[in-house]
Amino acid sequence: MHLLPRVGCATVFILGVACNRHNNPAIVALNMPNPLPNGWTLAKSDDGAVSLGVAPGWRSGVDKIFDQTMPSTGVPDASQPAPDPGAQSSDLSKMLGKMGEDMAAREKEDEKKQIAALRSKGIIIQVLDSSKGTIGEARTNYCVKIGHFDYNPTLEEGVQVEKKRFLASVNATKVKLPIGDAMRMDETRDLRDGGVLTLISYIVVNNHDLYCLRFTAEGPADMIKNLADPVAQTLRIAK
């Protein structure tokens, strides 16, 4: 699902905006070099057109359904006759090898499904906190979501689209990024289960495309509050 469907003059009135919006001058993201901070890596969209910095302790991609470590095989019972070491080692190696292959295949299939689900929502880059998550809480993450217009949108129009994600009447603040002007919104709200949800969004326009850089955290949010601006500074759009 795109951030905003392609809209023509026949349906513009639904949003209460006149058709002269088509006369908006195009906003074009600057093609700037991207010197990343020490220790950071780069995540890219499938087509390589959009890139974003990945801070230490974070990783691009999706959740993995299995841990990377294999389960322990236990300690043999010394009271029982010891089996042939060579045969036992061979059988165990085969069993663990088969388990590893099955787990890798299941994990790869699950990864494909998660990526397809993200793409269907317009999410072209996702970065996850690589530390162990808290049971019952969504993993802290940031992502880039793209939406398309059939005209040149303004930053203010992009804000109106992204505001639907927020519950409170949040105000957008203009910020300057290396690629050009952007708008930032943030909100912290209480959840019904007693938790806290923090949302931070940066809105960037490039020609007919709207990009939203989103940070989401349940529970303590100092990490994304401190990281949001440094990550936003690394956002690049090549076309």
Side-chain angles (χ1 to χ4, degrees), residues 1-4 27-37 40-62 115 117-130 138-149 153-166 168 170-188 197-218 221-239:
M1 181 177 65
H2 295 309
L3 293 174
L4 187 71
I27 301 174
V28 180
L30 301 177
N31 189 9
M32 301 293 291
N34 194 357
L36 296 175
W40 287 47
T41 57
L42 197 65
K44 293 184 177 182
S45 58
D46 292 341
D47 61 2
V50 181
S51 62
L52 189 70
V54 179
W58 297 71
R59 62 176 180 82
S60 61
V62 295
I115 291 175
L118 291 175
R119 300 299 181 265
S120 71
K121 299 175 183 177
I123 297 175
I124 55 177
I125 297 175
Q126 177 176 258
V127 181
L128 303 172
D129 171 21
S130 59
R139 185 181 292 276
T140 302
N141 72 89
Y142 57 91
C143 68
V144 178
K145 182 172 183 177
I146 184 175
H148 306 284
F149 292 72
T154 64
L155 279 172
E156 289 71 21
E157 287 174 317
V159 167
Q160 293 307 312
V161 173
E162 185 67 359
K163 270 189 174 182
K164 297 174 183 177
R165 183 170 175 254
F166 295 81
V170 297
N171 294 318
T173 303
K174 181 172 282 190
V175 295
K176 191 73 173 179
L177 300 180
I179 60 174
D181 290 334
M183 302 294 282
R184 170 179 163 144
M185 295 185 292
D186 61 84
E187 176 188 21
T188 298
L197 176 66
T198 299
L199 306 173
I200 301 173
S201 288
Y202 290 79
I203 296 91
V204 175
V205 171
N206 183 51
N207 291 308
H208 288 190
D209 296 328
L210 171 65
Y211 296 88
C212 293
L213 169 58
R214 298 173 166 181
F215 298 80
T216 305
E218 289 187 31
D222 288 346
M223 182 163 52
I224 64 167
K225 288 181 178 179
N226 294 331
L227 192 65
D229 184 66
V231 169
Q233 298 292 324
T234 70
L235 178 64
R236 295 294 186 275
I237 303 170
K239 63 178 181 179

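This one's a predicted model, so the numbers in the text were calculated from it and none came from an experiment.
Between S51 and N34, the shortest heavy-atom contact is OG-ND2, 4.3 Å. Residues V205 and P153 come closest through the heavy atom pair CG1-O, 3.6 Å. Residues E187 and F166 share a closest heavy-atom pair of OE1-CD2, 3.1 Å. Nearest heavy-atom pair across A55 and L227 is CB-CD1, 3.7 Å. What you find for V170 and K163 is that their closest heavy atoms are O-CE, 3.2 Å. Closest heavy-atom contact between I224 and A217: CD1-CB, 3.5 Å.
The backbone N or O of K121 lies less than 3.5 Å from a partner atom in the side chain of K145, making a donor-acceptor pair. No donor-acceptor pair closer than 3.5 Å links the side chain of Q233 to the backbone N or O of P230. The backbone N or O of I200 sits nowhere less than 3.5 Å from a side-chain atom of R184 that would complete a donor-acceptor pair. Checking side-chain atoms of S45 against main-chain N and O of V50 turns up a donor-acceptor pair under 3.5 Å. The backbone N or O of P33 sits less than 3.5 Å from a side-chain atom of R236, completing a donor-acceptor pair.
Looking only at side-chain heavy atoms (C-beta outward), C212 and Y202 stay at 4.5 Å or farther from each other. Looking at heavy atoms from C-beta onward, W40 lies in side-chain contact with V231 at the 4.5 angstrom threshold. Here the side chains of I124 and D46 are not in contact, with every heavy-atom distance at 4.5 Å or above. Looking at heavy atoms from C-beta onward, L199 lies out of side-chain contact with D186 at the 4.5 angstrom threshold. N141 has its side chain out of reach of R139: every pair of non-hydrogen atoms, C-beta onward, lies at least 4.5 Å apart. For the pair W58 and T140, the minimum side-chain heavy-atom distance is below 4.5 Å. Looking only at side-chain heavy atoms (C-beta outward), F149 and V161 come within less than 4.5 Å of each other.
Under the side-chain contact (heavy atoms from CB on, under 4.5 Å) test applied with L213, the options T234, V204, V144 reduce to a single match, V144. Between L42 and the choices L52, V54, L36, the side-chain contact (heavy atoms from CB on, under 4.5 Å) rule is met once, by L36.
We find the CD1-OG1 distance between I27 and T154 to be 6.5 Å, quoted to the nearest 0.5 Å.
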Carefully, step by step, assess R214 and E162 under the rule salt bridge (charged side-chain N to carboxylate O under 4.0 Å, His left out). CA-CA 10 Å; R214 298 173 166 181; E162 185 67 359; 2.8 Å; yes
